[in-house]
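Reading through the C-alpha cells given below for one structure.
We count ligands from 1, going down the list as the structure has it; atoms in each ligand are counted the same way. Quick note: numbers below take in every heavy atom, side chains included, and nothing from hydrogens, waters or symmetry partners.
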Amino acid sequence: MIRLFVALQLPEEHRLLLLRLQGGLPNVRWVPEENLHLTLRFVGDVDKHVATDLDEELAAIDSDAFALRLRGVGHFDRRGAARALWAGIETSPELSTLQSRIEKAAVRAGLEPERRKFHPHVTLARLKGFPLDRLAGYMNDYAGFSAPPFTVSSFALMSSRLHKDGSIYTPEAEYELRQNLHLAYA
Ligand code: 3AM
C-alpha cells in the first residue's frame with residue numbers, strides 16, 4: 001500500500017513568503033517549508049495497481065498552465081476550535097477546472113468520489129483544538145496577506161510516509177500542463 005495525494009507544489013519563493021506567516025501562536029505544529037503544498041485530491045492508502053491506474057489517468061489530463069495567487073488566511077474548525085490554519089487561494093476558474101478533471105480521473109481509476117467541497121488552501125499549521133477567540137489577533141494581523149501570482153505549470157502525485165518527526169512528502173510523478181503563449185509572454 002502507498003499513501004497518496006495529488007497536489008500543486010509551490011515555488012520556493014512562495015514557500016518562503018508563507019514561512020513569514022508562521023509564528024506568534026503557542027502550541028502549534030507549523031508545517032515545514034518543504035511540505036507546504038496545495039492539495040487537489042486526497043487519495044489515501046491504495047494498492048500499487050490503483051496507483052498505476054491513477055497515474056495513467058492523471059497523465060491523460062490535458063490542461064493549460066495558469067496563474068494563481070495566494071491570498072488571505074483562514075482556519076478549519078471542529079467542535080468550535082481551530083484544527084488547521086491555512087493561507088487562502090484567490091478564486092480561480094482554471095484551478096477549479098483542473099481539480100474537477102483530477103476528480104474525474106480519480107473516479108475513473110476506481111476511487112470513491114470525494115463528497116467534500118473543494119476548498120483550495122495551503123495548510124500552514126495543525127492545531128490541537130485552538131480556541132477561536134485566541135486566533136482573532138493572528139487572523140487580523142494577516143488578513144491582508146497576498147503574494148505575487150505564480151504560474152502553475154504542473155501538478156504532482158505525491159506520496160506521504162509517516163516518520164517519527166512528521167510526514168515526508170515525495171513527488172512520485174509530475175504532470176506538465178500545456179504552456180500557452182499568453183503566460184509565456186506575460
Ligand atoms: O493539504 P492539507 O495539508 O490540508 O490533511 C492532509 C493534507 O491536507 C490531507 O491530505 C493532505 C496530504 O496529506 N488528508 C490526510 N488524511 C486525510 C483524510 N483521511 C486527508 N484528507 C482527507 N481525508
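Taking a cut-off of under 4.0 Å to the non-hydrogen atoms of His121, the atoms of ligand 1 that pass are 1 (O), 2 (P), 4 (O). Of all atoms in ligand 1, listed by their number and element, those nearer than 4.0 Å to a heavy atom of Arg116 are 21 (N), 22 (C), 23 (N). Heavy-atom proximity to Phe5, at under 4.0 Å, picks out these atoms of ligand 1: 12 (C). Applying the 4.0 Å criterion to heavy atoms of Arg126 picks out, from ligand 1, the atoms 3 (O), 5 (O). Near Arg3, the atoms of ligand 1 lying under 4.0 angstrom from a non-hydrogen atom of the residue are 16 (N).
The protein heavy atom nearest to atom 19 (N) of ligand 1 is Phe42 CE2, 3.5 Å. Remark: minimum distance from atom 13 (O) of ligand 1 to any protein heavy atom is reached at Tyr169 OH, 3.7 Å. Given atom 2 (P) of ligand 1, the protein heavy atom at minimum distance is Thr123 OG1, 3.3 Å. Ranking protein heavy atoms by distance to atom 1 (O) of ligand 1, first place goes to Thr39 OG1, 2.5 Å.
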Worksheet entry | Step-by-step side chain to side chain contact (heavy atoms under 4.5 Å, CB included) determination, Tyr175 to Ser154 | CA-CA 5 Å; Tyr175 310 96; Ser154 66; 5.9 Å; no
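Heavy atoms from other residues, nucleotides or ligands lying under 6.0 Å from CZ of Arg178 number more than 12. The environment of Asn27 atom CG is sparse: at most 12 non-hydrogen atoms of other residues, nucleotides or ligands sit within 6.0 angstrom. Within a 6.0 Å sphere centred on CZ of Arg108, other residues, nucleotides and ligands contribute more than 12 heavy atoms.
Residues meeting the ring-ring contact (aromatic ring centres under 6.0 Å, His included) test with Phe76, sequence neighbours left out: Trp86, His119, His121.
Ring pair Tyr169/His37 is perpendicular by interplanar angle, where above 60° counts as perpendicular and below 30° as parallel.
Here the OG-CD distance, from Ser153 to Gln9, works out to 10.0 Å after rounding to the nearest 0.5 Å.
The proximity of Arg41 to ligand 1, defined as any non-hydrogen pair under 4.0 Å, does not occur for either the backbone or the side chain. The residue His119 has no part lying near ligand 1, judged by heavy-atom distances below 4.0 Å. Contacts between His37 and ligand 1 below 4.0 angstrom, taking non-hydrogen atoms only, involve the side chain exclusively.
Taking 4.0 Å as the cut-off between side-chain N and carboxylate O, Glu172 and Arg161 count as a salt-bridged pair.
Side chain of His75 to main chain of Leu132: no donor-acceptor pair is present (N/O by atom type, distance under 3.5 Å, no hydrogens or angles).
Not a single heavy atom of Trp86 sits less than 4.0 Å from an atom of ligand 1.
For atom 6 (C) of ligand 1, the nearest protein heavy atom is 4.0 Å or more away.
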